[in-house]
K.L.:
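The structure's right below; bear with me while I get my questions together.
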Amino acid sequence: ARGFIGWWMLTIALGATFLAGTGLEWRHLIQDEGLTISTNLFGTTFYSLVGLHGFHVLVGLVLMLITAGFAARGLLVRESAPKVEVLGLYWHFVDVVWVMVFTVVYLVGR
């Protein structure tokens, strides 16, 4: 169980770091570059795609924190495995979506 909690918490920390980095990037783009959702099509697309993705990361982090709390209290049992697996699949789906968003926004869009 300790191995699970350790890797799970690392995943949460990396997800939170991603969200913090996104927040810093948005602050820079809005304050220093003047890019807002209403500036142009790129601004609209950028904030919509990255914001929607960030929301899904936040949802995943909340669910993973709840799961970590259950694990730390010894409340995850064998019957919980399918639910934890579905959460893991959700997280990986969000990962794959980020690869597509990154490609469209950061590589193609600029």
Side-chain angles (χ1 to χ4, degrees):
R2 283 187 2 201
F4 169 81
I5 293 172
W7 288 111
W8 201 254
M9 293 306 294
L10 177 62
T11 303
I12 291 168
L14 291 171
T17 300
F18 172 83
L19 280 184
T22 299
L24 290 172
E25 178 186 35
W26 283 27
R27 188 181 77 196
H28 165 72
L29 289 173
I30 293 167
Q31 289 180 353
D32 302 332
E33 304 292 332
L35 181 68
T36 68
I37 198 165
S38 61
T39 300
N40 53 29
L41 180 60
F42 177 78
T44 302
T45 304
F46 175 79
Y47 290 111
S48 297
L49 285 174
V50 176
L52 187 60
H53 179 264
F55 171 75
H56 285 90
V57 170
L58 180 62
V59 168
L61 290 175
V62 168
L63 294 173
M64 286 192 293
L65 280 168
I66 291 168
T67 303
F70 283 129
R73 290 175 182 78
L75 298 175
L76 284 186
V77 294
R78 182 171 301 277
E79 292 78 22
S80 304
K83 294 174 185 173
V84 175
E85 187 172 345
V86 168
L87 180 52
L89 290 172
Y90 170 83
W91 189 253
H92 287 296
F93 175 76
V94 171
D95 268 348
V96 170
V97 169
W98 177 246
V99 171
M100 292 184 284
V101 169
F102 182 84
T103 301
V104 168
V105 172
Y106 292 89
L107 302 179
V108 176
R110 293 201 177 208

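Any value given below was found using the heavy atoms of this structure, including those in side chains, with hydrogens, waters and symmetry copies removed. The structure displayed is predicted, hence computed values, not measured ones.
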K.L.:
Which donor-acceptor pairs under 3.5 Å do side chains of residues 60-71 form with protein atoms, sequence neighbours excluded?
P.N.:
{"unit_1": "Thr67", "atom_1": "OG1", "unit_2": "Leu63", "atom_2": "O", "d": "2.9"}

K.L.:
Which other residues belong to the hydrophobic cluster containing Leu89, where Ile, Leu, Val, Met, Phe, Trp and Tyr are joined when side-chain heavy atoms lie under 4.5 Å apart, directly or via other members?
P.N.:
none
K.L.:
Return each pair, listed once, that meets side-chain hydrogen bond (donor to acceptor under 3.5 Å, both in side chains) where at least one residue sits in residues 33-58; pairs must be two or more places apart or across chains.
P.N.:
His28-Glu33, Thr36-Ser38, Thr36-Thr39
K.L.:
Quick check: do Phe46 and Ile37 have side-chain heavy atoms less than 4.5 Å from each other?
P.N.:
no
K.L.:
If you compare all heavy atoms of Val57 against all heavy atoms of Trp91, which two are closest, and at what distance to 0.1 Å?
P.N.:
O-CZ3, 3.7 Å
K.L.:
Val86, Val59: one ILVMFWY side-chain cluster at the under-4.5 Å cut-off?
P.N.:
no
K.L.:
Taking the side chain as every heavy atom from C-beta outward, state whether Ile30 and Leu35 have any pair of such atoms under 4.5 Å apart.
P.N.:
no
K.L.:
When you look at Leu87 and Trp8, which way does the side chain to side chain contact (heavy atoms under 4.5 Å, CB included) test go after all the steps?
P.N.:
CA-CA 11 Å; Leu87 180 52; Trp8 201 254; 3.6 Å; yes
K.L.:
Do Phe4 and Met9 come within less than 4.5 Å of each other through their side chains, counting heavy atoms only?
P.N.:
no
K.L.:
Side chains of residues 92-103: which donor-acceptor partners sit under 3.5 Å, not counting sequence neighbours?
P.N.:
{"unit_1": "Thr103", "atom_1": "OG1", "unit_2": "Val99", "atom_2": "O", "d": "2.8"}

K.L.:
With the 4.5 Å side-chain cut-off for hydrophobic clustering, are Phe42 and Leu107 part of the same group?
P.N.:
yes
K.L.:
Return the set of residues passing side-chain contact (heavy atoms from CB on, under 4.5 Å) with Arg27 (not counting sequence neighbours), or none when no residue passes.
P.N.:
Leu24, Gln31
K.L.:
Spell out, yes or no, whether Leu49 and Tyr106 are grouped together once hydrophobic residues are joined by side-chain heavy atoms under 4.5 Å, including indirect joins.
P.N.:
yes
K.L.:
Can you tell me how far the CG atom of Asp32 sits from the CG atom of Leu29, to the nearest 0.5 Å?
P.N.:
8.5 Å
K.L.:
Other than Leu14, which residues form its hydrophobic cluster under the rule that side-chain heavy atoms must be closer than 4.5 Å?
P.N.:
Trp7, Leu10
